[in-house]
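A note on names: the letters A, B, ... follow the listed sequences, proteins ahead of strands, and every chain is numbered from 1. All values reported here derive from a predicted model rather than from experimental measurement.
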Amino acid sequence: MENITPSNFIEQEIVSDIKEKGLKTIVTRFPPEPNGYTHIGHAKAICIDFMTAKKFKGYTNLRMDDTNPSKESMHYVKALMNDIKWLGFKWKHMYYASDYYEFIYDCAIDLIKQGKAFVCDLSADEISATRGTLTEPGKESPYRNRSIEENLKLFEDMRAGKFADGTRTLRAKIDMAHPNINMRDPVIYRIQHVRHFRQGDKWCIYPMYDFAHPLSDAHEGITHSLCSLEFEDHRPLYNWVIDNCRLIKGVKPRQIEFARLNIDGTVLSKRYFISIVNKGYVDGWDDPRMPTLAGFRRKGYTANSIKEFCKRIGVSKSNSLVQPHILEACIREELNQNATRVVAVVDPIKVNITNYDSAKAEKIKISNNPTVKNSKSHTMMFTNELYIEREDFMIEPTPKFFRLVPNGYVRLMGAYVIKCDEVVKDENGNIDHLNCSIVYDAKEQGIKPKGTIHWLSRKYSERVRTRKYGNLLKEGEVYEEEILDKIINPESMIEKVSYVEPSALKQKSNMQFVRMGYYIEDKKLSKKGDRIYIETVSLKDSK
RNA sequence: UGGGCUGUAGCCAAGCGGUAAGGCACCAGACUUUGACUCUGGCAUGCGCAAGUUCGAAUCUUGCCAGCCCAGCCA
């Protein structure tokens with residue numbers, strides 16, 4: 001642990017803590033509230049928690065921060081565990097804050113005995129009204145100076161269920177004039193006659209985050225409690241709890257905050273997710289347009305690409321807005337190495353080869369990835385009726401277009417150079433098909449087409465559906481619940497009838513549709529006979 | 001306007017008193033039967049601004065400016 005070079009400010013702090021406090025083992029925790037699905041923002045926190053501990057040869061606990069029974073459920077616990085495992089992280093212990101309710105209760109009793117906590121009869125509105133403002137101090141509660149005995153009795157009665165929701169709270173007695181509002185006698189316990197998904201009806205009082213969190217950390221022996229910047233103002237309270245609860249033994253945990261992830265054009269709020277799922281704008285929490293891990297997974301992103309992204313964006317305290325192309329670069333880099341190459345014509349037009357025997361079929365070799373050593377190749381059948389990509393042909397080409405044009409030449413990948421002899425249109429004036437001829441002696445004639453395009457034999461290809469997903473919200477729009485229906489991008493999913501070579505149907509993992517992008521079968525909706533492929537990410541396009 | 005925090009390239013981000021790492025993006029070129037990949041080169045005389053300390057400042061001091069967070073019995 002002596003020779004570890006810190007690579008961000010958190011690791012620097014840990015290095016100095018090791019020196020100053022003589023820490024032997026670094027312990028972190030990932031503490032999600034089980035009330036929603038893991039999203040890419042969580043992934044950043046997960047990576048920081050797990051990778052930091054790992055770097056110092058310590059470990060990380062997974063702790064469900066289940067202190068608000070009205071919103072939480074086992075369903076989310078399982079989803080969270082699944083996502084963390086998928087990312088490839090292993091927690092040492094799995095805990096629930098609710099495991100500590102008894103301990104937390106004892107700490108509250110101890111605070112009362114020290115005269116550092118009191119039962120307050122003020123309503124939520126009254127507490128709010130007496131809290132003061134950003135610039136004015138608050139007013140002390142009239143119940144602030146109850147006797148220790150009375151507080152003890154009342155708090156026991158709270159636990160015993162003698163009071164209705166909202167009628168009483170337990171508050172820490174700190175300082176109503178404190179410039180930090182979190183220190184103005186914060187509520188640390190509230191009454192909620194709600195069934196807890198693990199504790200059942202055992203409790204009707206529940207500790208607040210600010211009380212439960214430091215105690216849970218301390219109880220587990222967490223040395224570094226890493227969280228996002230919005231909790232900076234809570235750190236004095238975190239430390240107050242740690243310093244004043246005498247039941248805490250051992251090394252005191254230290255809270256360090258980092259900037260949470262913001263991705264340009266991506267809304268990362270639970271409220272938004274719930275809204276678009278409930279209103280049916282997306283196909284559930286795993287819709288490929290969702291920035292949830294389930295969504296990314298379905299879209300074909302790998303755990304490695306997500307982790308690599310988290311590595312690349314770094315850890316700091318500055319408010320940042322990360323460009324989504326960083327993530328795209330991560331997944332492209334990985335898929336370029338690993339994805340099997342397959343030929344697919346995403347948006348086809350028909351091509352007839354007029355000088356090729358209609359009864360003939362020959363094998364053509366296509367290499368998997370010419371730039372990677374030992375890359376396997378496979379064969380495709382060539383016949384006189386083909387599909388090519390609609391965008392690989394232009395009647396009136398733009399200046400630097402070097403694929404197929406009328407009377408122009410192009411190379412069919414792995415096969416022949418062809419010439420476009422005739423554009424045949426239907427009654428509506430749309431292109432029906434192209435009549436082309438193979439130029440068998442292209443080399444001899446000195447014809448060297450600049451472009452190489454992919455193709456598929458109409459006879460030896462399978463019809464499928466391909467889907468490309470874009471941003472759910474229109475370009476430049478900022479999410480607002482009230483105008484959601486107006487800012488939804490109607491083209492956030494574009495489906496096309498496409499053709500793939502038959503071998504593609506067997507491919508369950510990521511593929512590159514050569515020259516088009518990386519695709520994966522949609523495991524949720526694709527069926528035998530009706531295959532659906534989702535574009536993970538396009539190829540970098542400098543056309 | 002109280003408190004807390006942050007400002008280094010288009011976007012992230014190192015740097016911790018010795019003369020601006022790296023990644024993504026972008027530009028130019030080479031290679032290419034994927035306009036991809038790969039390779040080569042380019043991309044901050046300047047670190048929010050202004051003074052000061054110093055032989056020397058992105059780093060220290062002071063003063064400004066800008067942005068973010070906080071007034072749940074949510075986490």
Side-chain angles (χ1 to χ4, degrees), chain A residues 7-9 12 31-33 35-36 65-68 70-72 97 120 122-125 127-129 131-138 165-171 177-184 186-192 205-206 208-210 212-213 227-236 257 259 264 270 308-309 311-330 332-333 336-337 341 343 365-367 369-372 400-403 410-415 417 449-454 512-517 538-543:
Chain A
S7 56
N8 60 247
F9 78 99
Q12 283 181 352
E33 183 184 16
N35 70 346
D65 219 344
D66 56 345
T67 55
N68 185 354
S70 60
K71 307 198 291 182
E72 300 152 0
C120 184
L122 256 27
S123 69
D125 287 345
I127 287 179
S128 175
R131 188 159 13 234
T133 67
L134 296 177
T135 51
E136 299 158 79
D165 287 6
T167 55
R168 283 182 170 80
T169 57
L170 185 71
R171 293 227 255 165
H178 199 107
N180 180 340
I181 293 177
N182 293 303
M183 298 296 270
R184 318 238 260 233
V187 170
I188 56 175
Y189 260 96
R190 77 288 214 183
I191 300 171
Q192 268 195 85
I205 56 171
Y206 292 94
M208 298 288 289
Y209 166 87
D210 280 318
H213 207 87
C227 61
S228 47
L229 240 33
E230 65 265 34
F231 292 101
E232 255 175 332
D233 289 340
H234 296 245
R235 190 179 347 121
E257 311 85 8
D264 202 6
K270 241 168 237 175
E308 179 61 26
F309 168 69
K311 242 181 250 173
R312 290 187 189 184
I313 58 175
V315 182
S316 78
K317 296 188 73 160
S318 61
N319 255 313
S320 58
L321 186 62
V322 174
Q323 302 307 123
H325 60 62
I326 298 184
L327 215 204
E328 291 174 1
C330 293
R332 275 197 194 103
E333 214 167 278
N336 179 49
Q337 290 298 312
R341 267 62 174 174
V343 176
K365 194 169 142 189
I366 303 285
S367 64
N369 179 357
T371 60
V372 172
K400 287 205 170 164
F401 184 82
F402 48 86
R403 287 107 91 195
V410 80
R411 185 184 298 280
L412 295 180
M413 185 180 287
V417 172
K450 269 188 173 173
T452 300
I453 65 174
H454 60 282
Q512 185 193 106
F513 284 179
V514 174
R515 297 208 311 129
M516 299 311 287
S538 65
L539 250 38
K540 199 161 89 177
D541 188 2
S542 22
K543 281 175 211 168

Student: Do any side-chain nitrogens or oxygens of A/Thr67 fall under 4.0 Å of OP1 or OP2 in B/A75?
Tutor: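 Affirmative; the distance criterion is met.
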
Student: On a whole-Å scale, what distance lies between the P atoms belonging to B/C69 and B/C12?
Tutor: 16 Å

Student: Should B/G72 be called syn or anti, with syn set as within 90° of 0?
Tutor: syn

Student: Rounding to an integer number of Å, can you tell me how far A/Asn319 CG sits from B/C5 C1'?
Tutor: 9 Å

Student: Classify A/Tyr189 by what it touches in the nucleic acid, base, sugar-phosphate, or nothing, heavy-atom distance under 4.0 Å.
Tutor: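 Result for A/Tyr189 = nothing.
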
Student: Among B/G2, B/U34, B/C11, which is the nearest nucleotide to the side chain of A/Leu134?
Tutor: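 Ranking B/G2, B/U34, B/C11 by closest atom to the A/Leu134 side chain puts B/G2 first.
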
Student: A/Arg131 has an atom CZ; how far is it from atom P of B/G3, in whole Å?
Tutor: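 Taking atom P of B/G3 as the reference, CZ of A/Arg131 is at 19 Å.
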
Student: Report yes if a side-chain nitrogen or oxygen of A/Lys540 is closer than 4.0 Å to either non-bridging phosphate oxygen (OP1 or OP2) of B/C37; otherwise report no.
Tutor: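 So the side-chain polar atoms of A/Lys540 do come within 4.0 Å of the phosphate oxygens OP1 or OP2 of B/C37, strictly under.
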
Student: Should the side chain of A/Asn180 and the base of B/G4 be counted as holding a donor-acceptor pair, with the cut-off at 3.5 Å?
Tutor: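 No.
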
Student: Has the side chain of A/Gln12 got a donor or acceptor atom sitting under 3.5 Å from an opposite partner on the base of B/C16?
Tutor: yes

Student: Can you tell me if A/Arg411 touches the phosphate of B/U34, counting only side-chain N or O atoms and a distance under 4.0 Å to OP1 or OP2?
Tutor: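 Indeed not, no polar side-chain atom of A/Arg411 lies that close.
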
Student: Measure from the side chain of A/Ala124, starting at C-beta and using heavy atoms only, and say which of B/C73, B/C24, B/A71 lies closest.
Tutor: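 Out of B/C73, B/C24, B/A71, the nucleotide with an atom closest to A/Ala124's side chain is B/C73.
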
Student: Does A/Arg171 put a side-chain nitrogen or oxygen below 4.0 Å from OP1 or OP2 of B/C73?
Tutor: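 Checking B/C73 against A/Arg171, no side-chain N or O comes under 4.0 Å of OP1 or OP2.
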
Student: For B/C12, does OP1 or OP2 lie under 4.0 Å from any side-chain N or O of A/Ser316?
Tutor: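 Checking A/Ser316 against B/C12: no side-chain N or O falls below 4.0 Å of OP1 or OP2.
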
Student: Could you check whether A/Thr169 gets within reach of a base, just the sugar-phosphate, or nothing at all, counting any heavy atom under 4.0 Å?
Tutor: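 Base, at least one base atom sits under 4.0 Å.
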
Student: Between B/C16 and B/A75, how far is it from one C1' atom to the other, in whole Å?
Tutor: 35 Å

Student: For A/Lys450, does the NZ atom have more than 12 heavy-atom neighbours from other residues, nucleotides or ligands under 6.0 Å away?
Tutor: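 For A/Lys450, atom NZ is not crowded (no more than 12 foreign heavy atoms under 6.0 Å).
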
Student: Work out how far the P atom of B/G15 is from that of B/C73, and round it to whole angstrom.
Tutor: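 These two P atoms come out 39 Å apart once rounded.
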
Student: In whole Å, measure the gap between the C1' atoms of B/A14 and B/A21 for me.
Tutor: 6 Å

Student: Please tell me which of A/Arg515 and A/Asn8 maps to the more 5' nucleotide of RNA chain B, matching each residue to the nucleotide holding its nearest heavy atom.
Tutor: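 So the residue in question is A/Asn8.
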
Student: Looking only at atom P, what distance separates B/A9 and B/G22, rounded to whole Å?
Tutor: 15 Å

Student: With the side chain of A/Met208 defined as its heavy atoms from C-beta on, choose the nearest nucleotide among B/C74, B/A36, B/C70.
Tutor: B/C74

Student: On the nucleotide B/C69, are OP1 or OP2 found under 4.0 Å from the side-chain N or O atoms that A/Arg235 carries?
Tutor: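 Checking A/Arg235 against B/C69: no side-chain N or O falls below 4.0 Å of OP1 or OP2.
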
Student: Classify the nucleic acid contact of A/Lys400 as base, sugar-phosphate or nothing, counting any heavy atom under 4.0 Å across all strands shown.
Tutor: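 A/Lys400: base contact, heavy atoms under 4.0 Å.
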
Student: Could you check whether A/Asp233 gets within reach of a base, just the sugar-phosphate, or nothing at all, counting any heavy atom under 4.0 Å?
Tutor: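 Result for A/Asp233 = base.
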
Student: Could you tell me how far apart A/Asp165 (CG) and B/G72 (C1') are, to the nearest whole angstrom?
Tutor: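 These atoms are roughly 15 Å apart.
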
Student: Rounded to the nearest 0.5 Å, how far does CD1 of A/Ile188 lie from CZ of A/Arg190?
Tutor: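 The distance works out to 11.5 Å.
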
Student: Give me the distance, rounded to whole Å, that separates B/G18 from B/A57 when you measure between the C1' atoms they each carry.
Tutor: 10 Å

Student: Looking at CD1 of A/Ile181 and NE2 of A/His234, how far apart are the two atoms once the value is rounded to the nearest 0.5 Å?
Tutor: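 NE2 of A/His234 is found 10.5 Å from CD1 of A/Ile181.
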
Student: Could you work out the separation of B/A25 and B/A20 based on their P atoms and round it to a whole Å?
Tutor: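 Between the two P atoms, the distance is 26 Å.
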
Student: Whether the A/Ser123 and A/Asp125 side chains hold a donor-acceptor pair (N or O, under 3.5 Å, no angle test) is what I'd like checked.
Tutor: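 No, A/Asp125 and A/Ser123 have no side-chain donor paired with an acceptor closer than 3.5 Å.
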
Student: What is the distance, rounded to the nearest whole Å, between atom CZ of A/Phe401 and atom P of B/G35?
Tutor: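 Checked: the CZ to P distance equals 11 Å.
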
Student: Quick one: do A/Glu328 and A/Lys540 satisfy salt bridge (Lys or Arg N to Asp or Glu O under 4.0 Å)? Show the steps, please.
Tutor: CA-CA 10 Å; A/Glu328 291 174 1; A/Lys540 199 161 89 177; over 6 Å; no

Student: So what does A/Glu136 hit on the nucleic acid, given a heavy-atom distance under 4.0 Å: a base, only sugar-phosphate, or nothing?
Tutor: nothing

Student: For RNA chain B, whose closest nucleotide is more 5', that of A/His325 or that of A/Asp125?
Tutor: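 Its nearest nucleotide lies further toward 5', so the answer is A/His325.
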
Student: Given atom CD1 of A/Ile127 and atom P of B/C74, what is their separation to the nearest angstrom?
Tutor: 11 Å

Student: Can you tell me if A/Ser7 touches the phosphate of B/A14, counting only side-chain N or O atoms and a distance under 4.0 Å to OP1 or OP2?
Tutor: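 Result: no.
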
Student: Pick base, sugar-phosphate or nothing for A/Arg341, based on heavy-atom distances below 4.0 Å to the nucleic acid.
Tutor: base

Student: Can you tell me, in whole Å, how much space there is between the C1' of B/G17 and that of B/C60?
Tutor: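 Between the two C1' atoms, the distance is 8 Å.
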
Student: For A/Asp233, does its backbone N or O pair with a side-chain atom of A/Asn180 as donor and acceptor, under 3.5 Å?
Tutor: yes

Student: Which listed nucleotide (B/C74, B/U34, B/C12) is nearest to the side chain of A/Glu33?
Tutor: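 That would be B/C74.
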
Student: Select base, sugar-phosphate, or nothing to describe what A/Arg184 touches, counting heavy atoms under 4.0 Å on all strands.
Tutor: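 Nothing, no heavy atom under 4.0 Å.
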
Student: Describe the nucleic acid contact of A/Leu321 in one word from base, sugar-phosphate, nothing, applying a heavy-atom distance below 4.0 Å.
Tutor: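 Sugar-phosphate, no base atom in range.
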
Student: Any base atoms under 4.0 Å from A/His234, or only sugar-phosphate, or nothing? Heavy atoms, all strands.
Tutor: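 Answer is base: heavy atoms of A/His234 come under 4.0 Å of a base.
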
Student: Of the nucleotides B/C24, B/A71, B/A14, which has the atom closest to the A/Arg312 side chain?
Tutor: B/C24

Student: Please work out if A/Leu122 contacts a base, only the sugar-phosphate, or nothing of the nucleic acid, heavy-atom cut-off 4.0 Å.
Tutor: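 If one applies the 4.0 Å heavy-atom cut-off, A/Leu122 turns out to touch a base.
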
Student: At less than 4.0 Å, is any side-chain N or O atom of A/Ser542 found next to OP1 or OP2 of B/A36? Yes or no.
Tutor: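 Result: yes.
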
